[in-house]
Asker: 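Quick one: the structure is below, questions incoming.
No experiment lies behind these values; they were computed from the predicted model shown. First the proteins, then the strands, lettered A, B, ... as listed; each starts at 1.
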Protein chains: 2
Amino acid sequence: MPQAITDPTSAPTKQPGRGRPGYDRMDVIRAAVREFNTRGYEATSMGTLAKRLGVSKSAIYHHIASKEEILVEATNWALTSLTEVVEEADQANGSARERLELVVRGAVRVLCEGPERVTLLLRLRGNTEVELDLMERRRTLTRRLINHVKQAQDEGAVRTDLDAGLVGRLAFGMINSIVEWYRPDGPQTPETLADVTAKLVFEGLESK
Amino acid sequence: MPQAITDPTSAPTKQPGRGRPGYDRMDVIRAAVREFNTRGYEATSMGTLAKRLGVSKSAIYHHIASKEEILVEATNWALTSLTEVVEEADQANGSARERLELVVRGAVRVLCEGPERVTLLLRLRGNTEVELDLMERRRTLTRRLINHVKQAQDEGAVRTDLDAGLVGRLAFGMINSIVEWYRPDGPQTPETLADVTAKLVFEGLESK
DNA sequence: GTCTATATGTTGATAGAC
DNA sequence: GTCTATCAACATATAGAC
């Protein structure tokens, strides 16, 4: 399966030359997450994943215990990273408005670091107990994000004519939508993307 | 299956009293779309859909030819509605900035009219020829939306320090994210939601 | 680390009776 | 408009050899 070998994002990192692919656990997970995002988690069978990697299904199950385990590992990374962003903003010095901007920029940064894993987190549907658990953690995160909007409102830096929960959801909905088109090898660097997003969130489209 | 009968969004519209459910084609499609959004299109089997409706699988296939047909019918509605919004804005009098606002408000309106069908459109993954076709039409729509942003920039009403394609994607990403939490029976009316969204897009979060 | 073979269940869809 | 019965294809996951 030449396509598997030449694809830089799913090719194994060791044994660069000949012989069997020789994937390790992270190779398999990376390729699986990529495939889940392309075709959808449920629409991706372990069979097609195996074909894409150029190995048999059993070879995959040597590295991971179940399909769901891949989902958990990937979304866990995203949840942990985003929680860290909120935590750092909680403890940061400065105004509430500055801390909110830290959250916005941090979220964009995490999203650019692991777009596939964040995408998987955002697309959870709650079809199993495990997924429901992950979604609950995601909801907690959302609440803490909105809290930062509220604090910036109380401070007077953010307009108070709009409901905090509503604009919080809209603002982070905008940020999350980045995963739909962001590509690490694309024209935008994470920093410029964070700049544009922050400007749009705080200042809007209008010229002044 | 009492839950199916008491659920106002999936209950059949005829024969309100006793006997077999007596669904018609639209009842089945409405319930299916709802289920696709809750569990995901691929994760929803015709079996569980049948159980939810309280009928057998065969009863469903009396109304529709295939699972994919439901997807097409629903996303077609969303595509047509959104195309009309863009078309009306294209032909509207007034400044480019006003026409862009028409598009923003129109998109929110369509989204509130058929949130489930728009959601299905946004979540297409392109796993079949039919899905790829629908996605191509969606892409055409995105291009036309961004064009309105460009025109407003050329006019000088929208800031030109940010790339039109980029802010266009971000702005409509924000609008699309509404489907993640909007409920027709919730606190927000479509008009207030369109107001808040338009304000946020054009003016941003900052108090003035 | 990979293979073939297989167990076991579920899927979308059909046939034909009522 | 609904049913029961059925099908081939495909799903996730395992056993055991190399």
Asker: Expressed as a whole number of angstroms, how long is the span from B:H63:NE2 to C:dA13:P?
Answerer: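 Whole-Å distance recorded here is 16 Å.
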
Asker: If I take atom CD in residue B:E68 and atom C1' in nucleotide C:dA13, what distance separates them, rounded to the nearest angstrom?
Answerer: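 Roughly 14 Å, once rounded to whole Å.
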
Asker: Please tabulate the protein-to-nucleotide N/O contacts below 3.5 Å involving nucleotides 8-12 of chain D, giving atom names and distances.
Answerer:
{"from": "D:dA11", "atom 1": "OP1", "to": "A:S45", "atom 2": "OG", "distance (Å)": "3.3"}
{"from": "D:dT12", "atom 1": "OP1", "to": "A:T44", "atom 2": "O", "distance (Å)": "3.4"}
{"from": "D:dT12", "atom 1": "OP1", "to": "A:K67", "atom 2": "NZ", "distance (Å)": "3.0"}
{"from": "D:dT12", "atom 1": "OP2", "to": "A:M46", "atom 2": "N", "distance (Å)": "2.8"}
{"from": "D:dT12", "atom 1": "O4", "to": "A:K57", "atom 2": "NZ", "distance (Å)": "3.2"}

Asker: Report the distance from atom NE2 of B:H62 to atom C1' of D:dT4, rounded to the nearest whole Å.
Answerer: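 These atoms are roughly 17 Å apart.
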
Asker: Taking B:T44's backbone N and O only, do any of them form a donor-acceptor pair with B:R39's side chain (distance below 3.5 Å, no angle check)?
Answerer: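 It does not hold such a pair.
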
Asker: Select one nucleotide: of D:dC3, C:dT2, D:dT14, the one nearest the side-chain heavy atoms of B:A59.
Answerer: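 Nearest to the side chain of B:A59 among the choices is D:dC3.
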
Asker: Over how many whole Å does the gap from B:L49 atom CG to D:dT2 atom P extend?
Answerer: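 After rounding, the gap between these two atoms is 12 Å.
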
Asker: Starting at NZ of B:K51 and ending at C1' of C:dT11, how long is that distance when rounded to a whole Å?
Answerer: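 Rounded to whole Å, this separation is 12 Å.
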
Asker: Quick check: does any side chain N or O of A:R125 sit under 3.5 Å from a backbone N or O of B:N37, one acting as donor and the other as acceptor?
Answerer: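 It does hold such a pair.
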
Asker: Starting from P on C:dG12, measure out to CD1 on B:I70 and report it in whole angstrom.
Answerer: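 That distance rounds to 10 Å.
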
Asker: Give the minimum heavy-atom separation between A:A198 and A:R105, together with the two atoms involved.
Answerer: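 Shortest heavy-atom contact: CB-NH2, 3.9 Å.
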
Asker: Checking contacts here: which listed nucleotide (D:dT2, D:dC3, D:dA15) is nearest the side-chain heavy atoms of B:S56?
Answerer: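 Within the option list, the nearest is D:dC3.
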
Asker: How do B:I60 and A:S58 order along DNA chain D: which one's closest nucleotide is nearer the 5' end?
Answerer: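 Nearer the 5' end of the strand: B:I60.
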
Asker: To the nearest angstrom, how far is A:R25 atom CZ from C:dG1 atom C1'?
Answerer: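 Distance, rounded to whole Å: 15 Å.
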
Asker: Testing the basics here: between A:W77 and A:V110, what is the closest heavy-atom pair and its distance to 0.1 Å?
Answerer: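 Distance-wise, the nearest heavy atoms are CH2-O, 3.9 Å.
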
Asker: Using modelled atom types only, decide if a donor and an acceptor are shared between the side chain of B:R138 and the backbone of B:L121 within a distance under 3.5 Å.
Answerer: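 Side chain of B:R138 to backbone of B:L121, a donor-acceptor pair under 3.5 Å: yes, one is there.
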
Asker: Spell out, as yes or no, whether a donor-acceptor pair under 3.5 Å connects the side chain of A:T192 to the backbone of A:Q188.
Answerer: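 Checking the backbone N and O of A:Q188 against the side chain of A:T192, no donor-acceptor pair under 3.5 Å is found.
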
